[in-house]
Amino acid sequence: MLTRTSRLVPGARRARHGEQHEGLHYNIPLQDMRTLFPHSLPPRFSMQVKTFSEACLMVRKPALELLHYLKNTNFAHPAVRYVLYGEKGTGKTLSLCHVIHFCAKQDWLILHVPDAHLWVKSCRGLLPSTYNKQRLDQPAEASIWLKNFKTTNERFLSQIKVQEKYVWNKRESTEKGSPLGEVVEQGITRVKNATDAVGVVLRELKGQSSLGGFRLLVAVDGVNALWGKTTLKREDKSLVAPEELALVHNLRKMVKNDWHGGTIVLTLSQTGSLFKPRKAYLPQELLGKEGFDALDPFIPILVSNYSPKEFESCIQYYLENSWLQHEKAHTEEGKKELLFLSNANPGQLERLCAHL
Amino acid sequence: TAGAPPPIPSPPGRTSRYERPLRRKALPPRTEKMTVDLDWPSVYPVAAPFKPSAVPLPVRMGYPVKRGVPMAKEGNLELLKIPNFLHLTPVAIKKHCEALKDFCTEWPAALDSDEKCEKHFPIEIDTADYVSAGPSIRNPKARVVTLRVKLSSLNLDDHAKKKLIKLVGERYCKTTDVLTIRTDRCPLKRQNYDYAIYLLTVLYHESWKTEEWEKEKTEADMEEYIWKNSPSEKNILETLLQIKAAEKDPEVNKEELLGTKEVEDYKKCVVSLKNEGDNEETLSHYKESVKKLLKLM
């Protein structure tokens, strides 16, 4: 019977995880949760965090593999792209969160887009872009993202200096050499320029990470949204293609591997994707031809259901937090039943246990 | 003995019982007189409806009522409705063949296997003739001609084959490599046959020609994924060039870069991924090849 303390990985603060820690949970302090993930956890997980009043992630093989690659990255080479794919509910988003936490502890700059699908559907207030007439702006989403970006990367905003002069309108402009924080502020206060501010931030970060001042992690969840279709319409009811959205255009430039000094970790997600069948989870199905060609070459990493050890560990975690109240839950039969019903799928297991 | 009824003068409009002609009693059915080795084709020499008294089989047909069995054959409308082939038993067919043998020629002795038949006679023509007893011997269905040929027996190069497949569209079956042309637009069978042969000739010659506008074939028209000049090749070249630049390696030669073993491996994996689709095997090969290429371990 694994007890709590031995399941918690020592050195969690320094986020050193190795293969012997597979299957064990580790704790993220709540303070970190608020800075790193102000917007971005899957809703069920954030409910769990609130209930247990602590955030525990399980250390699993895909995340360990990624961390191993990250530790051995050569920052002079162009950024390598890793794509996490897998069936629904297997833990891709949480693996991404694990990687983000690791990089944050190592003091990287985190560029996290929690769900790219949010940018291609149900947006109010599309405006024609001020920078480029053919593209469209999304002020609401851009300003939300800028606020979250500021929360996550406070300390970098004053260190990084912009390298060009940007003129916002007749009265306001940002001079060369001023800190990036000003651009972010500009975007947050003047919502009309928010999308352009995002574009500026992305361009600056890409250019400057090659110089080596900091390491950049680009983490996008649901990256297949960038190459699919949108459900947005212009005033004359014509459909908008993804490349006509300025946010999507800039993000596509970001995930191209023509810069160095960091890595790009991406997740594919069918939940929330538009016009894709429910069972689709393989890279080519979700990315389509365009997406695959744009991301090629990348390293695909499969995230699968729990192994028996991980399943045991998860059940133990729920039991110790007194989450499973059913009297048969801790018997062998009960566990076998849960295994059968959920097929070791983490999302499904979590939903089942919520009822018990 | 039932004789004629006595003649009784009766008033008009009144028929007495005896005047109505007596009905003959029903004879026993023919099946009772049938032996096991009788000559069946004489019972059913032509296509005839089902006669329960002439068929000695105890068949039942119909949906049974609750806790009952299907209806017996006597007076069974269902058995009358369906087509029956009682006139075409194997014995009857043998007799037909014997009668037709006088009009047939011998099968050539040299063509004793399928491969030889295909080699010498690659084109197969299917026609159907219809004979029926009726006022006219014409049947419009007899004009249909189907021509089948295997493309491997035609002399086509790569471009010609692709062009031919695009031209015929639905008529080509990829699994059996057979082109099927079915013509029925002319009123006579002979005309349809000539038309089918003409179509085959035209297709063959057209597919060998290359038109001016064929140069504009885009990637969307391609049947399979070709590595050369694909976005994948460009991406990998750029990546490798950047890696070399980062390592300050002055000797950069495009052909050399593309010719290394890792790139060959990668190329094979991408082609298989695109042509066969995603599955665990192709994806894991792809992963390994990318790792080797980018020197990640």
Side-chain angles (χ1 to χ4, degrees), chain A residues 62 65-87 210-212 224 227 252 255-265 268 270 276 279-304, chain B residues 218-227 229-249 257-258 260 262-297:
Chain A
E65 207 183 320
L66 254 183
L67 294 184
H68 175 73
Y69 292 140
L70 286 179
K71 281 178 214 159
N72 299 348
T73 349
N74 183 340
F75 291 107
H77 286 180
V80 186
R81 287 170 288 207
Y82 304 95
V83 175
L84 289 164
Y85 71 98
E87 290 186 7
S210 314
L211 301 173
N224 43 323
W227 287 281
R252 278 195 199 178
V255 300
K256 230 171 103 126
N257 65 344
D258 48 3
W259 52 279
H260 57 268
T263 6
I264 310 176
V265 182
L268 296 176
Q270 193 276 335
K276 291 276 183 247
K279 298 274 177 192
Y281 73 97
L282 295 164
Q284 270 196 94
E285 287 169 353
L286 285 175
L287 285 173
K289 192 175 167 316
E290 249 186 81
F292 187 86
D293 285 333
L295 285 183
D296 200 26
F298 63 89
I299 306 227
I301 302 182
L302 173 66
V303 180
S304 54
Chain B
T218 61
E219 211 178 312
D221 294 322
M222 299 283 183
E223 295 86 8
E224 52 175 18
Y225 187 73
I226 305 180
W227 165 264
N229 294 333
S230 72
S232 190
E233 194 189 11
K234 291 192 201 99
N235 283 347
I236 197 75
L237 197 56
E238 271 171 32
T239 320
L240 284 176
L241 282 171
Q242 281 173 8
I243 296 183
K244 288 282 180 240
E247 291 175 358
K248 310 239 182 320
D249 202 342
L257 275 180
L258 287 178
T260 54
E262 283 98 23
V263 178
E264 283 294 316
D265 209 18
Y266 174 74
K267 170 175 148 184
K268 261 188 261 174
C269 292
V270 171
V271 169
S272 78
L273 201 62
K274 288 262 183 174
N275 282 340
E276 289 163 35
D278 289 333
N279 55 37
E280 287 310 316
E281 215 186 291
T282 41
L283 279 172
S284 57
H285 283 180
Y286 178 72
K287 186 168 159 182
E288 292 305 314
S289 69
V290 174
K291 276 198 337 210
K292 277 197 212 103
L293 203 52
L294 302 176
K295 300 187 189 52
L296 279 176
M297 258 313 152

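Chain A is the first sequence line, chain B the second, and so forth, proteins listed ahead of strands; every chain is numbered from 1. All values derive from a computational prediction rather than experimental measurement.
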Using the test salt bridge (charged side-chain N to carboxylate O under 4.0 Å, His left out), find all partners of Lys267(B) that sit at least two apart in sequence or belong to another chain. none
Sorted by chain and number, sequence neighbours left out, salt bridge (charged side-chain N to carboxylate O under 4.0 Å, His left out) with Glu87(A) holds for none
At their closest point, which heavy atom of Tyr85(A) faces which heavy atom of Leu283(B), and how far apart are they? OH-CD1, 3.4 Å
Go through the steps to decide whether Leu302(A) and Glu280(B) satisfy the test side chain to side chain contact (heavy atoms under 4.5 Å, CB included), and finish with yes or no. CA-CA 9 Å; Leu302(A) 173 66; Glu280(B) 287 310 316; 3.6 Å; yes
Shortest non-hydrogen pair, Lys287(B) vs Ile301(A), comes out as NZ-CA, 4.2 Å
Which bit of Glu65(A) comes within less than 4.5 Å of chain B, counting heavy atoms only: side chain, backbone, both or neither? side chain
